[in-house]
> 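Below is one structure. I have some questions about it.
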Number of protein chains: 2
Amino acid sequence: MQNERADKPNQKVKRSHNREQPLLDAAAKLFASKGYKGTTMRDIGSEVGMLPGSMYYHFKSKQEILLAVYKQAVYSLKTRVEEVIAEQENPWRRLEVATKTHLEAIINKNDYAQVMTEIKPHKAPEIRSELTAMRNSYEGIFVDLINELPLKSDVNKKLFRLMLIGALNSVKIWFQPTDITPEDIASEFVRYLRQSSEI
Amino acid sequence: MQNERADKPNQKVKRSHNREQPLLDAAAKLFASKGYKGTTMRDIGSEVGMLPGSMYYHFKSKQEILLAVYKQAVYSLKTRVEEVIAEQENPWRRLEVATKTHLEAIINKNDYAQVMTEIKPHKAPEIRSELTAMRNSYEGIFVDLINELPLKSDVNKKLFRLMLIGALNSVKIWFQPTDITPEDIASEFVRYLRQSSEI
DNA sequence: GTCTATAAGAAGATAGAC
DNA sequence: GTCTATCTTCTTATAGAC
């Protein structure tokens, strides 16, 4: 597997292929663990063996990298959640699997999901509104799922959603894999909400 | 009000009094709004009209400032919450007023409370364990409050507490004063938990 | 596409005058 | 206690060779 194409023996493997994806992966990893401000362009470059100057061929600024990471995070998590809810009919079950999938993403090594949930838009003021719009586009899934539920008429749906999402996004702070599974947490959280709000 | 003491007319007002408290207030304000890494020593100094070099007379490093802010945040919020729960007998009511007080702190201009809930210990690795210990000391109040509750035997108390605190600390992200009051939010959150877990 | 080299500025922190 | 001046290091970003 030294060469992908025998007719170009002297060319490096993976020559002009996307170096952008590895860069974004490295950025996502570092943003997730050290924060946006706490990560330098040098950090990102050295993760993929590239010098700082070279990265500016691919992205014109650090903010643009964050934007690209966010975009990918929203796209892939949204897609994944939509897949799992499509397999369910019962509205409470749909909310539960969406919750479980969201939790799995932020708990299991999914750096992109962590960036989306942990790095708040105001950390990069110049692109703040774009980041916020992307977040809202993801949270829209939960708005829809909650609208489907058979709820008592006095339930405040917005508060319901924000309590759930707030609780979810704080899970990574304390989660220990030996304690409990994402599935257990999802079913408990949804049960709490269900038993006090279902018709 | 130009001089506090007429016998020392040439001395500046507020001469050698504590400049530390104004410095901490400025730091709390900036840490709360721009984050720890996003705030510079120069930012803090200029808030109180002091040049960067001068601050090192009062605090030997930026980390020490964060530590002092955290310490004051924990002390004052803990004291305040303990006061309000002491006035209540009913365990659910005690949890509710603690929740309300916590919410008021993070919503209403209390920069210290925001620093404690928003700046995660790992942002300052060298003092991480001290910050974590302080947080835990505060959250201990909620551990106790939840232990007092008459709960069904199958309720996971840790999950109960973390769901509540996670939801609380995320409130400041979306809260709009016209929507709803901290008191309303507290009573709703506690009601959700109560109706599905009370004996 | 990646390198070298470097600009241009900002950061935390210190030394010593006042 | 605060200022001036400065050290040292690190930052994002650019220019141009290869």
Side-chain angles (χ1 to χ4, degrees), chain A residues 3-5 8 10-28 30-31 33-69 119 123-128, chain B residues 3-5 8-28 30-31 33-69 119 122-128:
Chain A
N3 292 300
E4 289 177 305
R5 307 178 55 173
K8 289 191 171 183
N10 269 354
Q11 216 130 17
K12 271 200 192 147
V13 179
K14 287 199 191 175
R15 14 178 296 285
S16 65
H17 290 154
N18 268 348
R19 291 285 272 150
E20 273 145 43
Q21 195 54 48
L23 273 176
L24 291 179
D25 291 349
L30 291 162
F31 289 161
S33 66
K34 305 173 51 173
Y36 176 66
K37 288 253 167 65
T39 299
T40 69
M41 294 297 272
R42 278 167 181 75
D43 292 337
I44 300 170
S46 81
E47 272 279 317
V48 301
M50 190 183 278
L51 291 177
S54 311
M55 291 187 292
Y56 288 86
Y57 172 81
H58 302 282
F59 298 97
K60 79 171 204 295
S61 69
K62 189 180 167 187
Q63 285 179 10
E64 204 177 78
I65 295 179
L66 178 60
L67 207 55
V69 170
I119 311 266
K123 297 275 168 174
E126 295 89 343
I127 52 171
R128 179 187 172 138
Chain B
N3 291 301
E4 287 175 307
R5 306 177 55 175
K8 289 191 172 182
N10 270 353
Q11 215 133 17
K12 270 198 191 150
V13 180
K14 285 199 194 174
R15 17 177 292 289
S16 65
H17 291 152
N18 266 347
R19 292 285 275 148
E20 272 144 43
Q21 195 55 50
L23 272 176
L24 292 180
D25 291 348
L30 290 162
F31 288 161
S33 67
K34 304 173 52 172
Y36 176 66
K37 289 251 168 66
T39 299
T40 70
M41 294 296 274
R42 283 163 178 79
D43 291 338
I44 299 170
S46 81
E47 272 278 317
V48 301
M50 190 183 278
L51 290 177
S54 312
M55 293 188 290
Y56 288 87
Y57 172 82
H58 302 281
F59 299 96
K60 77 172 206 294
S61 67
K62 187 180 169 187
Q63 285 177 11
E64 206 177 77
I65 295 180
L66 179 60
L67 209 53
V69 169
I119 310 267
H122 77 265
K123 297 276 168 170
E126 295 89 342
I127 53 170
R128 180 189 170 136

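Order of the sequence lines sets the chain letters (A, B, ...), proteins ahead of strands, with each chain counted from 1.
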> My understanding is that only residues two or more places apart in sequence, or in another chain, count here; which of them pass side-chain hydrogen bond (donor to acceptor under 3.5 Å, both in side chains) with B:Thr40?
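So B:Thr40 forms a side-chain hydrogen bond (donor to acceptor under 3.5 Å, both in side chains) with B:Asp43.
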> Partners of A:Gln21 by side-chain hydrogen bond (donor to acceptor under 3.5 Å, both in side chains), sequence neighbours excluded?
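Here the qualifying residues are A:Asp25, A:Gln72, A:Tyr112.
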> Nearest whole Å is fine: how far is D:dT2 P from B:Tyr57 OH?
8 Å
> Is there a side-chain contact between B:Arg19 and the phosphate of D:dG1, meaning an N or O under 4.0 Å from OP1 or OP2?
no
> Hey, does the Lys NZ or Arg CZ of A:Lys123 hover above the aromatic six-ring of A:Phe31, less than 6.0 Å from the centre and inside 45° of the axis?
no
> Report yes if some heavy atom in the side chain of A:Met41 is under 4.5 Å from a heavy atom in the side chain of A:Phe59; otherwise report no.
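Of all side-chain heavy-atom pairs linking A:Phe59 with A:Met41, none is under 4.5 Å.
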> What nitrogen or oxygen pairs link the protein and nucleotides 9-15 of chain C at under 3.5 Å?
| unit_1 | atom_1 | unit_2 | atom_2 | d |
| --- | --- | --- | --- | --- |
| C:dG12 | OP1 | B:Lys62 | NZ | 3.0 |
| C:dG12 | OP2 | B:Met41 | N | 2.9 |
| C:dG12 | N7 | B:Arg42 | NH1 | 3.1 |
| C:dG12 | O6 | B:Arg42 | NH2 | 3.3 |
| C:dA13 | OP2 | B:Tyr56 | OH | 3.3 |
| C:dA13 | OP2 | B:Lys62 | N | 3.0 |

> Would you call B:Leu66 and B:Ile127 a side-chain contact if the rule is heavy atoms closer than 4.5 Å?
yes
> Tell me the interatomic distance from B:Leu51, atom CG, to D:dC3, atom C1', rounded to whole angstroms.
6 Å
> Is there a side chain to side chain contact (heavy atoms under 4.5 Å, CB included) between A:Tyr36 and A:Lys62? Walk through the geometry before answering.
CA-CA 9 Å; A:Tyr36 176 66; A:Lys62 189 180 167 187; 3.8 Å; yes
> Output the rounded distance in Å from CE (A:Met50) to P (C:dT4).
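Distance check: A:Met50 CE to C:dT4 P gives 13 Å.
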> Return the value, rounded to whole Å, for the distance between atom CD1 of A:Ile44 and atom C1' of D:dA13.
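Taking CD1 of A:Ile44 and C1' of D:dA13, I get 13 Å after rounding.
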